[in-house]
Amino acid sequence: GKKAGRDRFVPFDESLHSNTREQLLYEELKNALSTKKEFTLVYQPKVELNHFLIDQAEVLMRWNHPTIGNISPSEFIPVAERSGLIQELTAWLLEAACIQLKEWKKENFFIQKIAINLSASHFQYEGANTMIRNILNRVNVDPHELKLEFEVTETSIIENIQRSIYMLEELKEMGITIALDDFGTGLSSLTYLKNLPIDTLKIDQSFISGLPGTEKDEAILETIIQLAKRLGMNVVAEGIQTVGQHSLLKKMGCHYGQGYFYSEPVRASELNKMKILSSIQ
Ligand code: C2E
Ligand code: CA
Ligand code: CA
Ligand code: CA
């Protein structure tokens, strides 16, 4: 029966192994979505580099399965995308994040803006923006007042550029700002920077991990930062892990930094402790 099949293992067949894992995760994801008890949101601060001030955070999803344990989003998000469960997952995440944002606003908390990752398949769903609009209406959040940013990757946009631009414009009309995530890792074309309605550029951590690097590396990085600024965008550097990287990016004029050097992604309740960091001038 089904149960026996699940427990049996055929270690020499890699494709069968990964299919089994995918099937397992799919079933478990469906279960988890029916209760939502295994998911948590964590928040990673974005630090304004000039004043060492925190006023933004990115939401990242965590899944703690009762028997499998922690499953990385890098593993379960693609499963959710391939199976279509991602829509429901994003809907739940957006609603939970909006409720948190409203609470923080009421408490006058130092984090004023939340960024949410949109899945790579978002722009392929006909009703994806309507779903977002409905959630915002239901929880009574107007992003013109409560700042909400969506992080999208180049790869998700390139699939169908015209349609993506149209959908991004719709989101912007709702008051949502857009960040281009993992910049520099896709088939980046500078043309996209000109044509896409992007507010924020997030430079991928692979550009940061080599810092301080060669003069060439640093010249490229500094040029990306200057270009983004000339185009009127906010620039965020991801994956900052050392004080040297922090200082260099600050010197290069990068607006924001994110990474383990400042903080790992943490529960909402733990963000309170960073209030002191957030008020250091
Ligand atoms: P991402 O959006 O590029 O998020 C950054 C990832 O880098 C996060 O991993 C974060 O924990 C990690 N990170 C942060 N600072 C550092 C650092 O200093 N060094 C290093 N090495 N890593 C750092 P995480 O949380 O495991 O998420 C991985 C990816 O999964 C994310 O990449 C994003 O693409 C996706 N993801 C996570 N949560 C969600 C979600 O709620 N929805 C969607 N659609 N995707 C999500
Ligand atoms: Ca992101
Ligand atoms: Ca990223
Ligand atoms: Ca990434």
Side-chain angles (χ1 to χ4, degrees), residues 25 29 32-33 36 38-47 54 56-64 69-98 100-101 113-125 128 131-132 135 148-157 177-186 188 198-211 224 234-246 249 254 256-268 270 274:
L25 288 182
L29 204 52
L33 269 168
K36 272 106 178 173
E38 296 164 19
F39 301 121
T40 31
L41 305 188
V42 287
Y43 299 83
Q44 189 176 36
K46 295 183 185 178
V47 180
I54 299 171
Q56 305 183 17
E58 175 180 6
V59 186
L60 295 154
M61 187 117 88
R62 294 291 175 262
W63 181 16
N64 185 250
N70 286 321
I71 303 163
S72 162
S74 316
E75 189 176 14
F76 73 79
I77 295 287
V79 175
E81 280 174 358
R82 284 191 287 268
S83 63
L85 291 176
I86 189 69
Q87 287 279 82
E88 206 187 323
L89 206 60
T90 306
W92 175 80
L93 177 93
L94 177 64
E95 182 161 340
C98 281
Q100 183 64 77
L101 190 58
K113 183 174 185 171
I114 284 182
I116 290 172
N117 290 286
L118 273 196
S119 96
S121 53
H122 181 85
F123 301 105
Q124 290 162 34
Y125 286 106
M131 172 196 86
I132 285 163
I135 291 168
L148 197 60
E149 187 154 87
F150 284 168
E151 299 193 358
V152 303
T153 60
E154 289 164 282
T155 336
S156 70
I157 290 169
T177 58
I178 309 296
L180 195 57
D181 205 354
D182 301 346
F183 182 74
T185 56
S188 312
I198 299 295
D199 305 281
T200 304
L201 197 72
K202 290 193 82 176
I203 302 172
D204 190 71
Q205 48 192 57
S206 57
F207 286 91
I208 314 303
S209 57
L211 288 184
I224 294 174
N234 255 308
V235 197
V236 182
E238 291 190 281
I240 297 180
Q241 295 191 334
T242 68
V243 66
Q245 292 167 351
H246 161 81
L249 283 154
C254 187
Y256 280 84
Q258 209 183 354
Y260 298 158
F261 172 64
Y262 313 104
S263 170
E264 290 185 2
V266 295
R267 302 280 185 107
E270 277 181 74
M274 284 168 213

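Counting convention: from 1, in listed order, for ligands and their atoms alike.
Minimum interatomic distance between Y262 and G257 (heavy atoms only, all atoms of both residues): CE1-C, 3.7 Å.
Using a 4.0 angstrom heavy-atom cutoff, I240 counts as in contact with ligand 1. Within the 4.0 Å heavy-atom cutoff, E58 counts among the residues contacting ligand 1.
At a 4.0 Å heavy-atom cut-off, ligand 1 touches I77 through the side chain alone. Contacts between R62 and ligand 1 below 4.0 angstrom, taking non-hydrogen atoms only, involve the side chain exclusively. When non-hydrogen atoms are compared, ligand 1 lies under 4.0 Å from neither the backbone nor the side chain of V42. Of the heavy atoms in D182, only side-chain atoms (C-beta onward) come closer than 4.0 Å to ligand 1. In E264, neither the side chain nor the backbone holds a heavy atom less than 4.0 Å from any atom of ligand 1. With a 4.0 Å heavy-atom cut-off, ligand 1 is reached by the side chain of L93 but not by its N, CA, C or O.
Salt bridge absent: K202 and E149 never bring a charged side-chain N and a carboxylate O closer than 4.0 Å.
The option with the heavy atom closest to atom 8 (C) of ligand 1, from among V59, I116, L89, L60, is L60. The residue from Y260, Y262, W63, F76 that puts a heavy atom closest to atom 22 (N) of ligand 1 is Y260. The option with the heavy atom closest to atom 35 (C) of ligand 1, from among S263, P73, S72, is P73. Comparing D181, V152, T185, N117 against atom 45 (N) of ligand 1, the shortest heavy-atom distance belongs to N117. The residue among Q44, K202, M61, E81 with a heavy atom at the shortest distance from atom 40 (C) of ligand 1 is M61.
Proximity to G259 (heavy-atom distance under 4.0 Å) selects the following atoms of ligand 1: 15 (N), 18 (O).
Ring planes of F261 and H246: tilted class, angle from 30 to 60°.
Of the candidates R267, E270, M274, Q100, Q100 is the only one forming a side-chain contact (heavy atoms from CB on, under 4.5 Å) with Y43.
Under the 4.5 Å side-chain criterion, counting only non-hydrogen atoms from C-beta, E154 is in contact with L180.
Donor-acceptor pairing under 3.5 Å is recorded for the side chains of Q56 and Y256.
Atoms OD1 of N117 and OE1 of E151, as seen from the Ca ion (ligand 2), are separated by an angle of 90°, to the nearest 10°. With the Ca ion (ligand 2) at the apex, E58 OE2 and D181 OD2 define an angle of roughly 180° (rounded to 10 degrees).
Checked against the Ca ion (ligand 3), the N, O or S atom of D182 at the shortest distance is OD1.
At a threshold of 3.0 Å, the Ca ion (ligand 3) has a backbone or side-chain N, O or S atom of E238 nearer than that distance.
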